[in-house]
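Let me begin by presenting the structure, written as structure tokens, before commenting on it.
The chains referred to below are lettered A, B, ... by the order of the sequence lines, with proteins before strands, and numbering in each begins at 1. Computed over heavy atoms, backbone and side chain alike; hydrogens, waters and symmetry mates excluded.
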Amino acid sequence: MAVLRKELLVELRTLESVPGMALFAVTTFVVFHFALNRSSVDADLAAGILWVTLLFASMLGINRLFVADADQGGFDAFLLAPVDRTAMLAAKALALLIYVVALELVAVPAFALLLLEPSIGHALPGLLAVLALGDLGIVAIGTMVAALTVRTRARDLLGPLLALPLLVPVVIGGARASSPLLALGPPGGLSARWLLTLGLYDLLFGLIAYALFDFLVED
Amino acid sequence: MPVVQVEGLARRYGEREALSDVSLRLQSGQTLVVFGPNGAGKTTLLRVLATLLRPHAGSVEVLGAPLPQQAWSVRGRIGLLGHEPLLYRELTARENLRFHARLHRVKLSRVDELLERLGLDGRADEPLRTLSRGMVQRAAVARAVLHEPELLLLDEPRANLDPAAIELVEPLIGPAPGRTRVICSHDPHGGISEADQVLGLRAGCVALLRERARVSVEEIAGLYR
């Protein structure tokens, strides 16, 4: 809890992650709105736009996740404390989850307003479930990759290069599961197959991040 | 039992050997002062003893625990004050110290006590980035001693401090019964005066290791030529 509290306090002071992520997402939706010259797009296209935008916006937060620790000695201070390293993984993952949820609180209404003319109220319960599973994947992979790359000189380049291929299945799963929900008319049902795929992928990378984290932060 | 026991320690960064065949032994309550020019390996030695770097060869025991195998058991009994304060610039001194107090399971009242002892209580609620380097160094001293460590690893601990601030930090990082210290210094007179043992490093190797009485200021100065 101490690490999570510190994370959120630093973010509140600096506003380095969440505002940038949200602004990026909203700007992207505005660009799509005018570039496609439509107020409403097909369900498949809409789902793709939503998930790709959320993915790239999340990358901004992922890239910043460990920067203060690496640049200001937070890693060393943490490693000197008699605390299980998993506490840092859990706190960072929770912090990233909070950032991504905050991003979605801004991005999803903007997406609905700009690219889904009718309200998405009818699709919201299902969409929330898909977003939750997608978020867990983004958080597990993002935290692991951020820890892996933060102490490299080319972290701003390496982070996305490593994270994006690993996150492609999350985007595919999220888009396929969301697509029936965003269709015009009565919403389609949730695809159990894609939800299960997302869930398993989340679990797999959650376990990999847990297993690797000690090696990533220690010498 | 020695607090620090090092035999044949080597540590590399890539191909470059930062420490090579370093051996030393330090008893409880003693102070070892380490001299050497920039790049001699002083900071690397401190970081190995602090459990932050693994030894690549040789054996290292700190507070009876072999490193790196039992590093977890001695973390929390070591205080490190390095070149970097290990504090977050956007947080205040009080917030930073409270964070460390929680990590070390230290009562929060200890934070207020240290802020007062170090003359920081008046600026304790301002972001660290707005404080002078001397004040940040005082906050870093508070962080290093917050959990009352048995072994203090100090890298030029009085850097950036004015004489009044040095007086404030002295009771916390100066000699005291049961307090074992390893100090990196570039000040031959001051360093020798507080040492029980003196270690001279040059290019990662031990150039001298003696008791204080058998070391002269000229010999220390010679390490830098």
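- With no hydrogens or angles considered, no side-chain donor-acceptor pair links B:T92 and B:D125 at under 3.5 Å.
- The existence of a salt bridge linking A:R85 and A:D214 is excluded, since no basic side-chain nitrogen approaches an acidic carboxylate oxygen closer than 4.0 Å.
- Only the side chain of B:R105 comes within less than 4.5 Å of a heavy atom in chain A; its backbone stays farther off.
- By number of non-hydrogen pairs under 4.5 angstrom with chain A, the leading residue of B:R143, B:H100, B:E95 is B:E95.
- Listed in order of number, the residues of residues 131-157 of chain A that approach chain B to under 4.5 Å between heavy atoms amount to none.
- Interface summary for chain B: among A:P82, A:A68, A:G73, A:A81, the most heavy-atom pairs under 4.5 angstrom belong to A:P82.
- A donor-acceptor contact under 3.5 angstrom links the side chains of A:T86 and A:D84, judged on distance only.
- Chain A forms the most heavy-atom pairs under 4.5 Å with one residue out of B:R75, B:E90, B:R47, B:R77, and that residue is B:R75.
- In terms of non-hydrogen atom pairs under 4.5 Å with chain A, the most contact-rich of B:R11, B:H147, B:R98 is B:R11.
- A donor and an acceptor atom, one from each side chain of A:Y99 and A:S58, are nowhere located under 3.5 Å apart.
- Ion pairing of B:R158 with B:E194 is present here, as a side-chain N (NZ or NE/NH1/NH2) and a carboxylate O approach within less than 4.0 Å.
- In this structure, the side chain of B:K42 engages the main chain of B:P37 through a donor-acceptor pair within 3.5 Å.
- Using cut-offs of 30° and 60° on the angle between ring planes, the pair A:F66 and A:F75 is parallel.
- Options A:D69, A:V83, A:L79, A:D76 differ in how many heavy-atom pairs under 4.5 Å they form with chain B, and the most are formed by A:D76.
- Of all heavy-atom pairs spanning B:Q137 and B:L81, the tightest one is NE2-CD2, 4.1 Å.
- Applying the salt bridge (charged side-chain N to carboxylate O under 4.0 Å, His left out) test to residues at least two apart or on different chains, none of the pairs has a partner in residues 25-36 of chain B.
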